[in-house]
There are 2 protein chains.
Amino acid sequence: MSPRTAPTASRMSAEDRRQLVLDAATRAFARSGYAGTSTDAVAKEAGVSQPYVVRIFGTKLDLFLEVFTHATGRIAAAFQRVLAERPFDPDDDADWARLGDAYTELLADRDFLLVMMHGFTAGGTAEIGAAARAGMAGIFDVIRSTGCGDERAREFIAQGMLLNVMIAMQAPEHAQESASLTALITCAFGDTLPAVAAASTARQSG
Amino acid sequence: MSPRTAPTASRMSAEDRRQLVLDAATRAFARSGYAGTSTDAVAKEAGVSQPYVVRIFGTKLDLFLEVFTHATGRIAAAFQRVLAERPFDPDDDADWARLGDAYTELLADRDFLLVMMHGFTAGGTAEIGAAARAGMAGIFDVIRSTGCGDERAREFIAQGMLLNVMIAMQAPEHAQESASLTALITCAFGDTLPAVAAASTARQSG
DNA sequence: TTGACAGGTTATCACTTGATTACTTATGGT
DNA sequence: ACCATAAGTAATCAAGTGATAACCTGTCAA
């Protein structure tokens, strides 16, 4: 509810303010999805007036599309960065572990992952559906660019979808709720578990 | 007097009407999720008045929770039915194929899967989050009951999550949009592809 | 100094939404 | 036959929604 950045007394360049609102919108949409987030909620998060949010982005749909494509872009870029570091061998488990680390990095700020999932499930809105399919295809292509083959890429992404779903349902924060849930979390997050736990507690106290 | 309205439609027992509205709500929520679906949309889908929907279920949240738990229950039951048919050998690929067929069955009426995904991503609402975690844990337990081990169960569920996401973003209906998407769909749905295609066309033609 | 423009806000609107209240009318048991 | 009860609806409401219009004001070049 309270803006992460204090309301600036002074003015900003349009570009800076736009970026600030975009970040606020990412946090807001990550929380409650497209339909569940009002432009006023975004405005409050950004510390500006609601009409200004609309004026910057045109419509709420336009704003969400921009937030969503930015989020999927960042996610794809995180993987791409790992692949660019050094040659990737699809048969080397250590290289896949490096990709897993990229995911850990994304976990630190879950908002991109959450926005992505919200966009995926909002496919019933035509424009969002199109953006979702494009975003998914883009990420698929990044993974495939390793030369690992479609099957292996699919497996990697499927694993990611499970993790995203678990995060969306706040499973890490409620790991103790049932033994089954604990087992699933342990098994699904594996090595990345410490990072997940750290992000969870930070989230609950902040 | 005052016959300003058409004669009343036929009445039903409370139990029958309740089930009818529940089914309508499943379709409506499957389309647009929790936040994106009004109680009036549910009422129109069911052919009753909006206040009646509220009166039957108390609040919109209560209604969604009932729809969601019913959906996850049906999904778990579909898998359980396969396991009950005959002994399941986790090391036999044919047995896993039988579980895949259960998923194909679920694809025929995607609404349960879509409602489930909407519930998962609506975990930000406390009650829905709790129900989501319970639903996920329940399905995990059903798969684990085969004795296949946590890892194998996780893989199966992860694959399911990817399929659900693809369906939510209406990928099968737009398979031709890009070569990448086509490849991902082909690879992800595999044997179940014919069933998916059939359901897609049926859906598009009304 | 000034004035024009970019960076904002307040006021407002038409519409939607979830929920409450009060009312109407089939239906079945006696 | 009758009426209590259950099955529904119409009317209404306060709050919230996305969007528009009108207005204000810091900042900077000339």
Side-chain angles (χ1 to χ4, degrees), chain A residues 1 3 5-25 28-29 31-67 122 124-128, chain B residues 1-25 28-29 31-68 118 122 124-128:
Chain A
M1 298 307 173
T5 309
T8 48
S10 64
R11 289 188 172 183
M12 270 184 164
S13 78
E15 218 34 61
D16 285 351
R17 182 69 75 188
R18 185 190 168 87
Q19 192 57 52
L20 198 133
V21 173
L22 208 64
D23 290 349
F29 282 130
R31 254 184 265 128
S32 320
Y34 173 62
T37 305
S38 66
T39 56
D40 191 56
V42 172
K44 285 200 168 65
E45 176 80 30
V48 299
S49 66
Q50 178 266 337
Y52 196 38
V53 171
V54 173
R55 189 153 97 180
I56 295 177
F57 296 97
T59 69
K60 175 179 156 178
L61 179 58
D62 289 336
L63 170 57
F64 182 81
L65 288 174
E66 190 155 336
V67 167
T125 300
E127 289 100 326
I128 299 181
Chain B
M1 280 297 292
S2 71
R4 303 191 311 190
T5 50
T8 62
S10 65
R11 285 191 174 184
M12 273 184 164
S13 78
E15 219 32 60
D16 286 351
R17 184 67 77 186
R18 186 188 167 87
Q19 192 58 51
L20 198 133
V21 173
L22 208 64
D23 290 349
F29 282 130
R31 255 185 264 127
S32 321
Y34 173 62
T37 305
S38 66
T39 56
D40 191 55
V42 172
K44 284 200 168 63
E45 177 80 31
V48 298
S49 68
Q50 178 265 340
Y52 196 37
V53 170
V54 173
R55 189 153 96 180
I56 295 176
F57 296 96
T59 68
K60 177 179 155 177
L61 179 57
D62 290 336
L63 170 57
F64 182 81
L65 288 174
E66 190 154 337
V67 167
F68 176 80
H118 280 301
T125 300
E127 289 100 325
I128 298 180

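Just so you know, these numbers come straight off a predicted model, no measurement behind them. Reckoned from all heavy atoms, side chains included, excluding hydrogens, waters and symmetry mates. In the text below, chain A, chain B and the rest are named by the order of the sequence lines, each starting its count at 1.
The distance between atom CG of L20(A) and atom P of dG7(C), rounded to the nearest whole Å, is 14 Å. Per the geometry, NZ belonging to K44(A) stands 14 Å off C1' belonging to dT9(C), to the nearest Å. Straight-line distance from the CD atom of Q50(B) to the C1' atom of dA10(D): 12 Å, rounded to whole Å. Rounded to an integer number of Å, the gap from CG of D62(A) to C1' of dA19(D) is 13 Å. Rounded to whole Å, the distance from CD on E15(A) to P on dG8(C) is 12 Å. The CG atom of D40(A) sits 14 Å away from the C1' atom of dA11(C) (whole-angstrom rounding). Following rounding to the nearest Å, M12(A) (CE) and dT25(D) (C1') show an atom-to-atom distance of 18 Å. Note: CZ (R17(A)) to P (dG8(C)) measures 4 Å, nearest angstrom.
Side chain of R11(B), nearest nucleotide from dA19(C), dG7(C), dG8(D): dG8(D). Comparing dA11(C), dA11(D), dT9(D) by their nearest atom to the side chain of P51(A) picks out dA11(C).
A heavy-atom distance below 4.0 Å to DNA chain C is reached by these residues of residues 53-61 of chain B, ordered by number: R55(B), T59(B), K60(B).
Two residues are said to be in side-chain contact when any heavy atoms from C-beta on lie closer than 4.5 Å; H118(B) and F29(B) fail this criterion. Counting heavy atoms from C-beta outward, L22(B) and L63(B) have side chains that approach closer than 4.5 Å. The closest side-chain heavy-atom distance from L20(A) to D16(A) is not below 4.5 Å. Side-chain atoms of V21(A) and Y52(A), non-hydrogen and from C-beta on, never get closer than 4.5 Å to each other.
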Pairs: protein N or O with nucleotides 28-30 of chain C N or O, under 3.5 Å:
none

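Ring planes of F64(A) and Y34(A): tilted class, angle from 30 to 60°.
At the phosphate of dT9(C), neither OP1 nor OP2 sits under 4.0 Å from any side-chain N or O atom of Y52(A). Between S49(A) and dG8(C), a side-chain N or O to OP1/OP2 separation shorter than 4.0 Å is absent.
Contacts of S38(B) with the nucleic acid, taken as non-hydrogen atoms under 4.0 Å apart, involve only primed sugar atoms and P, OP1 or OP2.
Applying the salt bridge (Lys or Arg N to Asp or Glu O under 4.0 Å) test to residues at least two apart or on different chains, the pairs with a partner in residues 38-51 of chain B are R27(B)-E45(B), R31(B)-E45(B), D40(B)-K44(B).
The residue from V53(B), V67(B), V54(B) that alone fulfils the side chain to side chain contact (heavy atoms under 4.5 Å, CB included) condition with V42(B) is V53(B).
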Legend entry - Candidate pair L61(A) and I128(A), rule side-chain contact (heavy atoms from CB on, under 4.5 Å), full reasoning: CA-CA 8 Å; L61(A) 179 58; I128(A) 299 181; 3.7 Å; yes
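The heavy-atom pair separating T39(B) from Q50(B) by the smallest distance is OG1-NE2, 3.2 Å.
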